[in-house]
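These notes concern the structure reproduced below.
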Amino acid sequence: MATATSQTLRFPSSLSLSSKLSLSPAFSVSIRPHRRGSRPLVVVVSAGLDAKPTVLVAEKLGDAGLKLLKDFANVDCSYNLSPEELCTKISLCDALIVRSGTKVSREVFESSAGRLKVVGRAGVGIDNVDLSAATEHGCLVVNAPTANTVAAAEHGIALLTAMARNVAQADASVKAGKWQRNKYVGVSLVGKTLAVLGFGKVGSEVARRARGLGMNVIAHDPYAPADRARAIGVELVSFDEAISSADFISLHMPLTPATSKILNDETFAKMKKGVRIVNVARGGVIDEDALVRALDSGIVAQAALDVFTEEPPPKDSKLIQHEQVTATPHLGASTMEAQEGVAIEIAEAVVGALKGELAATAVNAPMVPSEVITELKPFVDLAEKLGRLAVQLVAGGSGVKTVKVTYASSRAPDDLDTRLLRAMIIKGLIEPISSVFVNLVNADFTAKQRGLRITEERVLLDGSPENPLEFIQVQIANVESRFASAISDSGEIKVEGCVKDGIPHLTKVGSFEVDVSLEGSIILCRQVDQPGMIGKVGSILGEENVNVSFMSVGRIAPRKQAVMAIGVDEQPRKETLKKIGDIPAIEEFVFLKL
C-alpha cells in the first residue's frame, strides 16, 4: 500500500473543460512490448520499432552473454570507465551491465535523464548499485544469483581446506628454497564445527560440501527455513551461538547496514580461541582492523579471504601481509563455467527487461511469479485502463489524495497477488497528468511522493476460484467530476470493469451499468432515455468517418436517465463532439482517451 499526505496530485488547468467539451487526450499505453508508442510495465524501449536499444557493458562479460545481447541490442563494451565517463555515456544507454568494480551511483541515474531502464549486475551482490536511486528513477535492477553459486561454494571450500593445511604458505616457502615441514603442520576438518553465517544459495552449498568432508555444520540466517536446513543435516542457531561454538566460520551474507562489520572486536571476543575464518561474501562484513588485532592476539588462528573492504586492497595492508592470512583476488565466481553462466543469465535478464518482461531476478521490484503474471495479464491491462479512465473524469483543479481499489474474487486473499494490479492502477492514475513514467519498480514510491493514498479492499464471492478476478473497481474520493454521472451514490468517482474473453470491459460508471470494450477511446454520454438516441449519435460519428467499435446503454428505468458508452477507434474532432453535445436529449458527455 502506498501512503502519503504531504502532497496533493493536481491537475493542470488545460484538462479542466466544460461538461460538453472533449478532454485533451492522454497517452495511449499498452503492456505489450515493442508496440510503437507503447509503454511496457517494467521498461520502455524509447526508440521506435526499427531502432535497437543500446546496452553499455562496463566490465568484462563472457562471449555467450555478449552474443545474446548483440542479437537484440546495440552493445557498447567500454571498460574501466571513470565515474565522470560513465555519467557522460549513460544518457545514451537503455541498459547498463556491471560486475562488482563499477559503482552505479545516484549521479549515474540522474545523468541518464530517464533513459536508463535496467541495470544488470553480473553476479549476486548489488551493494555497488544505489537501489533507492534506481527505484526513484523507475530503473529495474537485476542480478545473476544462480550461475556462480557452485563456483563460489567451491572456492569457499578450497580456501577452507587450503587454510587448514597451510597450502599457500607452504607453497611460498618451498618456492623460496625452504623445506619447513614442522612449521606448516595443519589441522583436520573431520569432526570440527563449521558455522555458516548466511544460509542462502552459496551458504547452503558450502554446508553440503562441508558435511561431505565430515564436518559438523551449524548455520545462522534469520530468514532461512529450518526444514531446508534440516534436510541437509544443518542446525540453525542464533548468531552468538554460531560464533561462540565454531572451529571454523564461513561468511555468506550480503553487505547491508545490518551486516556491515558484523565481525568486529566485540564479536571476535566471543569466539573460541584459535577459530579460523573464511570470507567469500563481501569484504565489508568484517572490520579488517579488528581482524588484524584478533589474528595478532591468537583469538583468530587463521583467515582465508577472497573479498576486501577496498578492492584491490592497499599494497601495504597489514591484513594482506599477515602471515596467517590466505588471500585471493575476488575469485569466487572465477571459473570458466561460472563466467559463461553468469554472462548468459544476466544477458537474458537484461534483454527480457528491455522487452517489457518482469525479470525473476529483479532486486528492486516485487517478486511476482511468472505463472501469476501470465494469469493476471488481461487484468493488468484492465487495471491500468480503469486508472486512466478514473483520473480523466476528475475535474481540473481537483486534488487526488485518496483512491480505493476493490478486487472481487472467489479466491481467498492469500491466493490473490494484487501488487502488479496496484502498480498498474497507479500507472494509469499518474501518467496521463504528469511526465513521470510509472512501473512496478517505482509505483508505490511515485504514489507516495505525490501524496496519493491507495487503499485496497477484497470482496470474497461465492463460486469457482478458477477465474482470479470477477471485477476491479476504482474509486476516487473528495473530488469533483467532469462527468457528473460518474459520481456514485456515496459521492466518489467510480468506474468498474471486468475481463471477457481476454478483453478488458468497462461495466459500471458511477451507478450506471454499461458494457463497453476498453479498446481505442470512449465517449460517455448522459441522456434522457428515448428512442433514436443510438442512431443519432451513430450517424454523427459515421458522417465524420469515426468508426464505432462498441456501444452500450445503461439506464435507471425506461424513459428516465441513461448513460451511453461508445467505443471509437479514432479521436473525433472537437466539432464532431460538439454536434453530439448539441443533441437536446444529451445532458452531458465526455471523451476519454485510453
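Model, not experiment: these values are computed from the prediction.
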Side chains of [X] and [Y]: is there a donor and an acceptor less than 3.5 Å apart?
X    : Y    : answer
D240 : H220 : no
R282 : T259 : no
Y407 : E456 : yes
D306 : T328 : yes
S173 : Q180 : yes

So, the side chain of [X] versus the backbone of [Y]: is there a donor-acceptor pair under 3.5 Å, distance only?
X    : Y    : result
E59  : T102 : yes
N364 : C139 : yes
Q321 : K315 : yes
S91  : C87  : no
D221 : F199 : yes

When Q302 is tested against each of L295, N166, V325, I277 for side-chain contact (heavy atoms from CB on, under 4.5 Å), which residue passes?
N166
The single option from I262, I243, I218 passing side-chain contact (heavy atoms from CB on, under 4.5 Å) against L197
I243
Restricting to non-hydrogen atoms, name the atom on V342 and the atom on G123 that form the minimum distance, rounded to 0.1 Å.
CG1-N, 3.9 Å
Is the number of heavy atoms from other residues, nucleotides or ligands within 6.0 Å of NZ (K272) greater than 12?
yes
Mark yes when over 12 heavy atoms from residues, nucleotides or ligands other than R293 sit less than 6.0 Å from its CZ; otherwise mark no.
yes
Less than 4.5 Å apart, any side-chain heavy atom of I157 and any of L213?
yes
Sorted by chain and number, sequence neighbours left out, side-chain hydrogen bond (donor to acceptor under 3.5 Å, both in side chains) with H330 holds for E311
Separation between CG of L189 and OG1 of T193, rounded to the nearest 0.5 Å:
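Result: 11.5 Å between the selected atoms.
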Please determine whether side-chain contact (heavy atoms from CB on, under 4.5 Å) holds for the pair L305 and L291, giving the CA-CA distance in whole Å, both sets of side-chain angles, and the decisive distance to 0.1 Å.
CA-CA 11 Å; L305 310 173; L291 177 56; 4.1 Å; yes
